[in-house]
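Just below is one structure, and these are the notes that go with it.
Read the numbers this way: they start at 1 and go in the same order the structure lists the ligands and their atoms.
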Amino acid sequence: MVFPAKRVLVPGGAGFIGSNFVRHVLAQTDASVTILDALTYAGSLTTVENILGDRVSFVRGRIEDHALVDQLVSEHDLVVNFAAESHNDNSISDPSSFVKTNVSGTFALLEAVRNHDVRLHHISTDEVFGDLDFDDASKFTESTSYNPSSPYSATKAASDFLVRAWVHTYGIRATISNCSNNYGPYQHVEKFIPRQITNVLLGVRPRLYGTGRNIRDWIHVDDHSSAVLRIIEAGRLGQTYLIGANGERSNLEVVQEILRLMGKPIDEFDLVNDRPGHDRRYAIDASALRDELGWSPAFTDFCVGLEATIDWYRNNGTWWADQKTSTEAFYARTGH
Ligand code: NAD
Ligand code: TDX
């Protein structure tokens with residue numbers, strides 16, 4: 001692979017997707033990596049401890065710290081930004097950290113890459129497009145209008161618009177990707193799939209918001225990382241690419257699949273309070289990424305990826321035990 005960088009700065013590299021991406025960089029390029037991460041409740045050194053060493057160093061800090069970010073960016077030739085507040089339910093309870101990290105943090109990164117003419121790839125989400133009707137045959141494409149509905153997705157949309165403005169106005173060298181819902185190892189147990197897997201492992205019934213009818217478009221985190229590598233390698237500067245793997249499923253279907261794979265009756269779940277403003281359906285049309293850049297996902301069977309993910313949580317209880325306690329205390333307060 002022709003990878004256009006030797007020194008990569010990965011803000012948010014101690015989180016779920018960022019740490020997976022760092023592992024992909026190590027396996028598929030000869031670049032070295034600096035992880036910049038604030039180690040919020042969502043980030044952990046235990047996620048990356050087995051890759052820190054000759055090629056991977058770690059700096060604890062916040063992306064909205066202009067002086068720190070400016071210094072670090074000047075020492076690298078590529079920035080791939082995964083740092084964000086990423087959980088919708090948290091953004092509904094307390095949006096302030098979302099504005100700070102997702103908006104002010106992206107602004108600080110943009111000023112630094114502008115200052116030092118360093119290439120940026122910005123990681124974003126399909127939630128910036130709002131939601132689709134259940135019976136709408138269409139999917140999100142690169143030309144779908146932005147219409148975010150939660151505090152989380154509004155701050156991600158704001159960060160994307162900042163990147164686009166810096167490309168248009170200052171000519172920074174940047175690309176953006178908007179990906180659908182990820183699953184896989186090292187995902188925080190606040191998120192839907194690991195929450196339900198760890199519930200079942202602990203003998204607790206899975207909990208579906210509302211009716212369980214809402215639809216998400218699932219992609220394995222390895223496929224997200226391989227798509228980002230491909231965009232960095234061959235994507236056109238200034239462009240947005242949508243990443244998805246045709247993984248649409250209702251939340252009810254996902255819970256029933258988890259129960260089946262874990263040897264439980266498929267009706268052993270509870271319906272709980274709905275999420276305020278709950279987006280109905282997300283669906284990605286990733287044909288630009290497939291046709292223009294020749295990318296395709298490795299995980300084409302959701303059940304195969306889900307089964308491997310269940311095994312990972314079964315075998316890594318020490319990684320998630322503490323976060324499970326604090327997460328469930330939060331959900332108990334919100335009625336979820
Ligand atoms: P995560 O919450 O698991 O990880 C976020 C990481 O960023 C953590 O390590 C955290 O400590 C760090 N961080 C938070 N605030 C910071 C700050 N101010 N400065 C430095 N570091 C900070 O999130 P994730 O699921 O890995 O998501 C990564 C990116 O991918 C986010 O931009 C998210 O919007 C996007 N995304 C996620 C999904 C998904 O399904 N999880 C889907 C599409 C896009
Ligand atoms: O216990 C639950 N029960 C439930 O029914 C939880 C935690 C969630 N849900 C529902 C809400 C959603 O319809 O499952 C679906 C998925 O929920 P989350 O895992 O919270 O993901 P979502 O809100 O769809 O956002 C995710 O995908 C897009 C990521 O968290 C974002 O970071 C990403 O941008």
- Item | Atoms in ligand 2 flagged as close to Glu190, the criterion being non-hydrogen separation under 4.0 Å | 7 (C)
- Message: For ligand 1 and Thr125, I'd like to know whether there is a polar contact (N/O to N/O, distance under 3.5 Å).
- Response: no
- Below 4.0 angstrom, N of the basic side chain to O of the carboxylate: do Arg281 and Glu248 qualify? yes
- Item | Enumerated ligand 2 atoms positioned under 4.0 Å from heavy atoms of His87 | 20 (O)
- Task: Closest by any non-hydrogen atom to atom 33 (C) of ligand 2: pick that one out of Tyr282, Tyr183, Tyr152.
- Result: Tyr152
- Query: So is there a nitrogen or oxygen of Asp89 less than 3.5 Å from a nitrogen or oxygen in ligand 2?
  - Reply: no
- Message: Run the side-chain contact (heavy atoms from CB on, under 4.5 Å) test on Phe192 and Tyr209 for me, step by step, so that the C-alpha distance in whole Å, both residues' side-chain angles and the decisive distance to 0.1 Å come before the verdict.
- Response: CA-CA 10 Å; Phe192 178 55; Tyr209 294 175; over 6 Å; no
- For Gly61, the atoms of ligand 1 under 4.0 Å from one of its heavy atoms are 19 (N), 20 (C)
- Quick one: does Ile17 get an N or O within less than 3.5 Å of an N or O on ligand 1? yes
- Message: Please report whether ligand 2 has a polar contact with Leu208, defined as an N or O pair separated by less than 3.5 Å (distance criterion only).
- Response: no
- Task: Could you list which atoms of ligand 2 come closer than 4.0 Å to a heavy atom of Tyr331?
- Result: 7 (C)
- Message: Heavy atoms only, cut-off 4.0 Å: how does Lys100 contact ligand 1, side chain, backbone, both, or neither?
- Response: neither
- Item | Proximity winner for atom 2 (O) of ligand 1, if only heavy atoms of Ser180, Ser104, Ser86 are counted | Ser86
- Message: Is it the case that ligand 2 has an N or O less than 3.5 angstrom from some N or O of Arg216?
- Response: yes
- Task: Indicate yes or no: does an N/O atom of His224 lie under 3.5 Å from an N/O atom of ligand 1?
- Result: no
- Protein residue, atom and distance nearest to atom 1 (O) of ligand 2, heavy-atom basis: Arg195 NH1, 2.8 Å
- Item | Axial cation check for Tyr331 ring with Arg195, 6.0 Å and 45° limits | yes
- What is the nearest protein non-hydrogen atom to atom 25 (O) of ligand 2, stated with its residue, atom name and distance? Glu127 OE2, 2.6 Å
- Query: Hey, is ligand 1 close enough to Glu85 that some N/O pair sits below 3.5 Å?
  - Reply: no
- Note on the structure: The option among Asn181, Ile17, Val128 carrying the non-hydrogen atom nearest to atom 21 (O) of ligand 2 is Asn181
- Note on the structure: ligand 2 atoms nearer than 4.0 angstrom to some heavy atom of Gln196 are 1 (O), 2 (C), 3 (N)
- Query: Taking atom 5 (C) of ligand 1 as the point of reference, which of Ala84, Ala83, Gly43 owns the nearest heavy atom?
  - Reply: Ala84
- Message: Between Arg249 and Glu257, does any NZ, NE, NH1 or NH2 come within less than 4.0 Å of an OD or OE carboxylate oxygen?
- Response: no
- Is it true that Asp30 and Lys6 have a side-chain N and a carboxylate O under 4.0 angstrom from each other? yes
- Query: Just checking, Arg213 and Phe134: is the charged tip under 6.0 Å from the six-membered ring centre and within 45° of the axis?
  - Reply: yes
- Message: Under 4.0 Å from a heavy atom of Gly12: which atoms of ligand 1 are those, numbered in the order shown and with their elements?
- Response: 6 (C), 7 (O)
- Message: Quick check: Asn182 and ligand 1, any N/O pair under 3.5 Å apart?
- Response: yes
- Just distances here: any N/O of Asn88 and N/O of ligand 2 closer than 3.5 Å? yes
- Message: Heavy atoms only: which of Gly244, Ser124, Ser153 lies closest to atom 44 (C) of ligand 1?
- Response: Ser124
- Find all atoms of ligand 2 within a distance of less than 4.0 Å from any non-hydrogen atom belonging to Arg207, and give their numbers and elements. 1 (O), 2 (C), 3 (N), 4 (C), 5 (O)
- Query: Considering only heavy atoms, which of Asn251, Asn273, Thr125 lies nearest to atom 10 (C) of ligand 2?
  - Reply: Asn251
- Task: May I ask you to check if ligand 2 and Asp126 share an N or O to N or O distance below 3.5 Å?
- Result: no
- Note on the structure: Looking only at non-hydrogen atoms, the one of Phe82, Phe192, Tyr41 nearest atom 28 (C) of ligand 1 is Phe82
- Query: So, is Cys179 polar-close to ligand 1, with some N/O to N/O distance under 3.5 Å?
  - Reply: no
- Message: For the 3.5 Å polar cut-off, considering only N or O atoms, please tell me whether Lys191 and ligand 2 meet it.
- Response: no
- Query: Under 3.5 Å, N or O to N or O, is Asn181 touching ligand 1 that way?
  - Reply: no
- Item | Ring centers of His224, Phe21 separated by less than 6.0 Å | no
- Message: Would Asn81 count as a polar contact of ligand 1, with the cut-off being nitrogen or oxygen pairs under 3.5 Å?
- Response: no
- Note on the structure: Within 4.0 Å of some non-hydrogen atom of Leu39, the atoms of ligand 1 are 11 (O)
